[in-house]
Amino acid sequence: MAATSSLSEEDLLCPLCSQIYSLPVLLNCGHNFCKVCLGKSQEWKEYRVCPVCRYVAAPGKPPINLELKIAVDEYQEQKNTRDLEVCCTHLQKMTLFCHNDEEPICLACQSSMRHKVHECSAVEEAARKKKTEISDLLEPLKKKLRVLTKTKDQWEETKNYIQTQAFQCERAIKEEFEQLHQFLQKEESKRLKALKQEEEMKKEVMSKKLDNIKDQIRTLSKTISDTEKSLRGRDLAFLQDYKQTKKSVKCIIREPECIRDILINSAQHLGLLRYKVWRKMADIINHVPITLDPNTAQSNLRITEELTCMEYSNKQLLPDNPERCTNRVCVLGAAGFTWGKHSWTVDVGQGKDWNIGVVQESINRKTAVFLNPTEGFWVISLQNGDSYWAETSPRTKLVLKQKPEKITVKVDYDKGKVAFINAVDLTTIHIFNDRFTEKLFPYFSPGLYNEEKISSPLKICSLKIQVQLE
């Protein structure tokens with residue numbers, strides 16, 4: 001087949017329809033026809049012969065003439081390109097670009113009243129300038145696409161973890177209910193239903209948000225792809241679409257939202273589970289004034305015993321949700337407070353390093369900070385098994401007569417006081433006096449037991465419960 005440049009339009013006409021070939025097929029006699037035209041031909045339907053020379057065709061379907069098809073496609077593309085390069089008003093080739101109207105024009109257009117006073121330049125010069133402009137506008141979109149893609153990946157991990165977390169909660173709930181009698185089955189079913197509803201609700205929320213961000217990514221990816229294709233195309237075609245292209249790449253892409261409180265509320269489902277049914281199982285109930293929030297726990301912490309005990313463990317794969325502490329091996333209490341008096345006792349065991357106290361809600365949970373009131377921490381600590389410190393600024397060394405095994409933390413929010421008391425002999429270890437302006441949360445950070453990295457847990461001590469029946 002000859003090159004397209006050596007073919008005239010007459011060479012590309014189907015002998016049956018006299019139109020440019022559409023999917024040409026080649027008979028063994030050498031004649032070409034449109035596939036549809038050949039199928040409609042009476043000679044072909046009845047005798048399977050060539051409609052031009054009446055030569056008997058070979059059995060089977062005639063093959064597509066790929067060379068002719070390519071030639072037709074190239075001819076059509078060149079014809080469309082020529083049509084696009086001609087001004088529809090003056091039928092002259094468009095060789096100029098009007099910067100005021102941001103569109104290609106011909107020489108006749110330039111001398112017209114519409115463009116006479118406008119700034120114009122050659123198509124090649126304008127294309128170079130405008131391509132640079134669009135390329136500069138494209139970079140922020142690419143950066144935004146990377147941010148959206150990264151956020152999507154994190155949200156997908158969060159969605160998967162919600163299901164895992166729900167399964168863990170379900171298993172823990174069942175283990176607790178296995179210790180109860182049959183008459184508590186109704187209570188168990190009720191709690192599992194609440195968990196399932198929360199799981200489905202939060203998975204649905206994440207699914208909708210993931211669908212939304214995927215739509216944004218698809219739209220943004222298409223915009224970038226179309227723009228890059230336009231930048232690679234012919235100058236005149238690029239300039240003709242310039243307005244729309246510029247409008248597309250200037251689209252406003254919002255930052256991905258920070259999804260808070262999306263994880264399963266484990267504290268609600270597991271915290272103080274036995275206490276909540278104490279009227280039915282009064283003899284085995286343990287009550288503590290606070291529980292821990294696993295959604296704030298650093299990944300090396302393992303939370304056990306109805307969310308009242310924490311210890312250093314192997315690193316877990318947890319989502320980096322906004323509530324989680326990653327700067328230190330610590331965990332916060334599940335409930336905060338903004339008024340009144342509160343107290344709890346912590347069994348510090350034989351640990352050589354730990355920190356306990358309270359923190360304000362706005363503490364920096366992702367990067368390292370000093371543990372002092374300026375940063376929102378009111379805590380005391382033990383280091384190397386024998387050095388007790390009040391984390392003031394600067395730090396205050398505490399001299400104790402005996403090593404405490406249990407420490408009571410008392411908070412008077414209204415008076416701005418945090419006191420640490422030896423629960424055994426009731427001696428005061430240290431008192432912070434300050435002014436609180438936001439919600440406070442209990443704070444716990446267990447250390448390692450010894451050089452072999454055996455964990456020494458911190459445990460919130462239970463209160464004695466007396467049930468009197470009438």
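Values below: all heavy atoms of this structure, side chains included; hydrogens, waters and symmetry mates excluded.
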Would you find more than 12 non-hydrogen atoms of other residues, nucleotides or ligands less than 6.0 Å from K397 atom NZ?
yes
Nearest 0.5 Å, what's the CZ-OG1 distance between R395 and T392?
8.5 Å
Check: residues 373-381 side-chain donor-acceptor pairs under 3.5 Å, at least two apart:
from, atom 1, to, atom 2, distance (Å)
W378, NE1, D434, OD2, 3.0
S381, OG, E391, OE2, 2.6

Is there a salt bridge (charged side-chain N to carboxylate O under 4.0 Å, His left out) between K129 and E133? Walk through the geometry before answering.
CA-CA 6 Å; K129 180 179 179 181; E133 177 186 340; over 6 Å; no
Would you check if there is a donor-acceptor pair between the side chains of Q165 and N295 at a distance under 3.5 Å?
yes
Closest non-hydrogen contact found for P319 with T158 is CB-OG1, 3.9 Å
Side chain to side chain, K352 and L382, heavy atoms closer than 4.5 Å:
no
Just jot down the side chain to side chain donor-acceptor pair (under 3.5 Å) partners of Q244, sequence neighbours excluded, or say none.
none
With sequence neighbours left out, write down each residue that passes ring-ring contact (aromatic ring centres under 6.0 Å, His included) with F420, or none if nothing qualifies.
none
Within the structure provided, determine whether E323 and R365 are in side-chain contact (heavy-atom separation under 4.5 Å).
yes
Closest approach of T95 and L107, non-hydrogen atoms and distance?
OG1-CG, 4.2 Å
Distance-only donor-acceptor check, side chains D425 and Q402, under 3.5 Å:
yes
What's the spacing between I173 CD1 and L192 CG if we round to 0.5 Å?
5.5 Å
Mind listing the closest non-hydrogen atom pair of V288 and L272 along with its distance?
CG2-CD2, 3.5 Å
Judged by atom type as modelled, is there a donor-acceptor pair below 3.5 Å linking the side chain of N100 to the main-chain atoms of E119?
yes
Counting only N and O atoms by type, is there a donor-acceptor contact under 3.5 Å from the side chain of T151 to the main-chain atoms of V147?
yes
Looking only at side-chain N and O atoms, does H430 offer a donor or acceptor that is under 3.5 Å from a partner on T396?
no
Take a 6.0 Å sphere around NZ of K341 and say whether it holds more than 12 heavy atoms from other residues, nucleotides or ligands.
no
Would you please name every residue forming a side-chain contact (heavy atoms from CB on, under 4.5 Å) with D386, sequence neighbours left out?
N384
In this structure, CG of L440 is separated from CG of L332 (nearest 0.5 Å) by 11.0 Å
Is any side-chain heavy atom of K366 closer than 4.5 Å to one of N327?
no
Evaluate whether atom NZ of K415 has more than 12 neighbouring non-hydrogen atoms of other residues, nucleotides or ligands under 6.0 angstrom away.
no
Can you name the ring-ring contact (aromatic ring centres under 6.0 Å, His included) partners of H269, sequence neighbours left out?
none
Judged by atom type as modelled, is there a donor-acceptor pair below 3.5 Å linking the side chain of N355 to the main-chain atoms of F444?
no
Answer whether the closest heavy-atom distance between the side chains of I407 and W354 falls below 4.5 Å.
yes
Would you say S362 and E438 are linked by a side-chain donor-acceptor pair, where the criterion is simply a distance under 3.5 Å?
yes
Are V418 and V409 close enough that some pair of their side-chain heavy atoms sits under 4.5 Å apart?
yes
With a 4.0 Å cut-off, would you call K196 and E170 a salt bridge?
no
Could you pull out all residues at least two apart from T219 that satisfy side chain to side chain donor-acceptor pair (under 3.5 Å)?
none
Give a yes or no on whether the backbone of V369 and the side-chain of R328 come within a donor-acceptor separation of less than 3.5 Å.
yes
Residues W344 and P442: closest non-hydrogen pair is CZ2-CB, 3.7 Å
Can you pull out every ring-ring contact (aromatic ring centres under 6.0 Å, His included) where at least one residue sits in residues 111-169? Sequence neighbours excluded, please.
H115-H118
So, do T245 and L231 sit near enough that their side-chain heavy atoms are less than 4.5 Å apart?
no
Atom CD of residue position Q163 - does it have more than 12 heavy atoms of other residues, nucleotides or ligands inside 6.0 Å?
no
Say you draw a straight line from CG of L270 to CD of E175; how long is it, rounded to the nearest 0.5 Å?
10.0 Å
Residues which pass side-chain contact (heavy atoms from CB on, under 4.5 Å) with D414, listed by chain and number, not counting sequence neighbours
W339, D412
Salt bridge flag under 4.0 Å for residues E311 and R302
yes
Looking at V329, is its backbone amide N or carbonyl O close enough to the side chain of S445 to form a donor-acceptor pair, meaning the two atoms are under 3.5 Å apart?
yes
For Q316, does the CD atom sit with more than 12 other heavy atoms under 6.0 Å from it, leaving out its own atoms?
yes
Partners of Y242 by ring-ring contact (aromatic ring centres under 6.0 Å, His included), sequence neighbours excluded?
none
Would you say the side chains of E306 and T291 form a donor-acceptor pair under 3.5 Å?
no
Can you name the nearest heavy-atom pair linking C461 to P289, along with the distance?
O-CD, 4.1 Å
In terms of side-chain geometry, is the basic nitrogen of R324 or D320 positioned less than 4.0 Å from the acidic oxygen of its partner?
no
Identify whether the distance between the nearest side-chain nitrogen and carboxylate oxygen of D235 and K130 falls below 4.0 Å.
no
Heavy-atom pair with the smallest gap, counting every atom of A390 and F432:
CB-CZ, 4.4 Å
Which pairs count as salt bridge (charged side-chain N to carboxylate O under 4.0 Å, His left out) when at least one residue sits in residues 141-153, sequence neighbours excluded?
E139-K142, K142-E228, K144-E255, K152-E156
Within the 4.5 Å heavy-atom criterion, are Q216 and L145 side-chain neighbours or not?
no
Check side-chain contact (heavy atoms from CB on, under 4.5 Å) between S299 and all other residues, then give those that pass, not counting sequence neighbours.
K315, L318
Any side-chain heavy atom of L220 sitting closer than 4.5 Å to one from L141?
yes
Expected output: side-chain S112 to main-chain C109 donor-acceptor under 3.5 Å
yes
Please assess T296 against D293 for the test side chain to side chain donor-acceptor pair (under 3.5 Å), listing each intermediate value before the final yes or no.
CA-CA 6 Å; T296 68; D293 184 359; 4.7 Å; no
Does a donor on one side chain sit under 3.5 Å from an acceptor on the other, for T308 and K459?
no
For K410, I'd like to know if atom NZ has over 12 heavy atoms of other residues, nucleotides or ligands within 6.0 Å.
no
N/O donor to acceptor pairs below 3.5 angstrom from side-chain atoms of residues 257-264, sequence neighbours left out:
from, atom 1, to, atom 2, distance (Å)
E257, OE1, K209, NZ, 3.3
E257, OE2, K209, NZ, 2.7

